[in-house]
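For this chain, numbers begin at 1 and follow the sequence in order.
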Amino acid sequence: MPGHAGVDHLWAPWRMTYIARAEKARGCLFCRAGGRDQDRPDLVLVRRPQAFMMLNRFPYNPAHVMVAVRRHAARFEQLTQDERVDLLDLVALAEQALAAEYRPHGVNYGANVGRVAGAGFPGHLHIHLVPRWNGDTNFMPVLGETKVLPESLAHTWTRLRRAIRGLGRGRGAKR
């Protein structure tokens with residue numbers, strides 16, 4: 001509406017949960033999720049003996065996945081051979097599942113080691129996979145400083161879990 005000086009509202013229902021828990025978070029998210037067997041509530045997509053894959057509860061983009069080792073280790077150099085194998089096997093599986101279900105045009109990979117490098121949980125190594133599409137940078141994040149996520153985390157979890165099972169690489173399967 002031309003000349004409208006009102007405030008635009010964008011509903012982001014996950015944000016209040018984040019705000020309410022921001023100060024209450026105790027311990028390590030990855031130790032907690034890796035040590036329990038509550039896949040859907042923890043957004044865990046698949047587990048291996050030494051690592052697991054989960055959705056980011058506060059994603060940068062739809063289907064933002066994280067892969068973490070189960071043990072609380074901060075750096076690649078601290079990982080055992082088995083941890084490195086499971087970690088990278090799950091990164092490859094995440095690539096396959098994202099390609100099968102979301103068909104991104106690219107993927108950003110990231111590992112933030114230490115708080116000054118941006119690690120939200122310093123001390124527990126994890127790798128981010130953020131799918132990207134041609135044209136996914138639109139006016140909302142550029143001008144409105146707002147990111148629009150087009151589906152719920154529950155729906156994303158269901159889609160990726162189905163894709164992983166369709167690849168024959170679901171819970172516990174090695175290859």
Side-chain angles (χ1 to χ4, degrees), residues 12 14-99 101-102 104 106-132 147 149 152-161 163-165 167 169-175:
W14 57 267
R15 190 74 183 142
M16 187 49 74
T17 302
Y18 174 76
I19 292 168
R21 287 200 278 187
E23 292 300 317
K24 296 177 188 174
R26 299 271 189 260
C28 176
L29 162 73
F30 300 105
C31 288
R32 193 167 45 255
R36 303 186 328 171
D37 194 20
Q38 298 181 23
D39 290 354
R40 188 176 269 283
D42 288 335
L43 301 176
V44 173
L45 294 161
V46 66
R47 296 175 187 273
R48 294 289 185 269
Q50 305 298 323
F52 61 98
M53 178 195 319
M54 68 187 297
L55 291 177
N56 188 325
R57 193 169 299 278
F58 306 103
Y60 299 131
N61 246 8
H64 176 167
V65 173
M66 298 182 295
V67 178
V69 292
R70 287 181 180 251
R71 185 171 61 90
H72 194 86
R75 304 172 65 87
F76 288 100
E77 68 186 357
Q78 297 170 342
L79 301 183
T80 67
Q81 176 72 22
D82 289 342
E83 287 170 329
R84 287 192 302 270
V85 168
D86 277 358
L87 183 74
L88 289 179
D89 183 58
L90 287 176
V91 168
L93 179 57
E95 290 173 331
Q96 292 174 317
L98 289 169
E101 190 63 31
Y102 286 89
V107 177
N108 289 121
Y109 299 86
N112 304 319
V113 178
R115 180 144 333 263
V116 298
F121 290 91
H124 201 127
L125 183 64
H126 58 283
I127 299 172
H128 294 262
L129 289 89
V130 181
R132 302 298 306 266
K147 185 70 176 181
L149 300 171
S152 71
L153 286 172
H155 189 66
T156 301
W157 186 90
T158 300
R159 288 180 68 182
L160 285 174
R161 184 77 166 227
I164 290 166
R165 288 199 172 130
L167 293 166
R169 310 239 348 244
R171 185 181 181 93
K174 267 305 227 189
R175 296 197 191 273

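- Side-chain contact between L87 and V67 is present, with at least one heavy-atom pair separated by less than 4.5 Å.
- Using a 4.5 Å cut-off on side-chain heavy atoms (C-beta onward), R48 and L93 make contact.
- For A51, the side-chain contact (heavy atoms from CB on, under 4.5 Å) criterion is met by D86, L90, not counting sequence neighbours.
- With sequence neighbours excluded, the residues forming a side-chain contact (heavy atoms from CB on, under 4.5 Å) with Q81 are R84, V85, listed by chain and number.
- What you find for A63 and P131 is that their closest heavy atoms are O-CD, 3.5 Å.
- Side chain of E101 to main chain of A97: no donor-acceptor pair is present (N/O by atom type, distance under 3.5 Å, no hydrogens or angles).
- For the residue pair A111 and I127, the shortest heavy atom distance occurs at CB-CG1, 4.4 Å.
- For the side chain to side chain contact (heavy atoms under 4.5 Å, CB included) criterion with H64, the lone passing option out of V130, L98, T156, L55 is V130.
- Rounding to the nearest 0.5 angstrom, the gap separating the OH atom in Y60 from the CG atom in N108 is 11.0 Å.
- A 4.5 Å side-chain heavy-atom check between F52 and L45 finds every atom pair outside the cut-off.
- Between the side chain of R47 and the backbone N or O of M53 there is no donor-acceptor pair closer than 3.5 Å.
- Side-chain contact between R57 and L153 is present, with heavy atoms from C-beta onward closer than 4.5 Å.
- A154 pairs by the side-chain contact (heavy atoms from CB on, under 4.5 Å) definition with R40, S152, not counting sequence neighbours.
- Pairs engaging residues 26-48 under the ring-ring contact (aromatic ring centres under 6.0 Å, His included) rule: F30-F121, F30-H124, F30-H126 [sequence neighbours left out].
- Evaluation of the salt bridge (Lys or Arg N to Asp or Glu O under 4.0 Å) test over residues 62-74, restricted to residues two or more places apart or in two chains, returns R71-E83.
- V107 is linked by a side-chain contact (heavy atoms from CB on, under 4.5 Å) to P104, Y109, L129, counting only residues two or more places apart in sequence or in another chain.
- You'll find the side chain of V46 stays beyond 4.5 Å of the side chain of R165, heavy atoms only.
- Using a 4.0 Å cut-off between charged nitrogen and carboxylate oxygen, R32 and D42 do not count as a salt-bridge pair.
- Under the 3.5 Å distance criterion, the side-chain polar atoms of R132 are left unmatched by any main-chain donor or acceptor of G106.
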- How far apart are the C-alpha atoms of H128 and N112, what are their side-chain angles, what is the distance that settles it, and do they pass the side-chain contact (heavy atoms from CB on, under 4.5 Å) test? CA-CA 9 Å; H128 294 262; N112 304 319; 4.3 Å; yes
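- Across all their heavy atoms, M54 and A33 have their closest contact at CE-CB, 4.1 Å.
- Contacts of Q50 classified as side-chain hydrogen bond (donor to acceptor under 3.5 Å, both in side chains), with partners at least two apart in sequence or in another chain: none.
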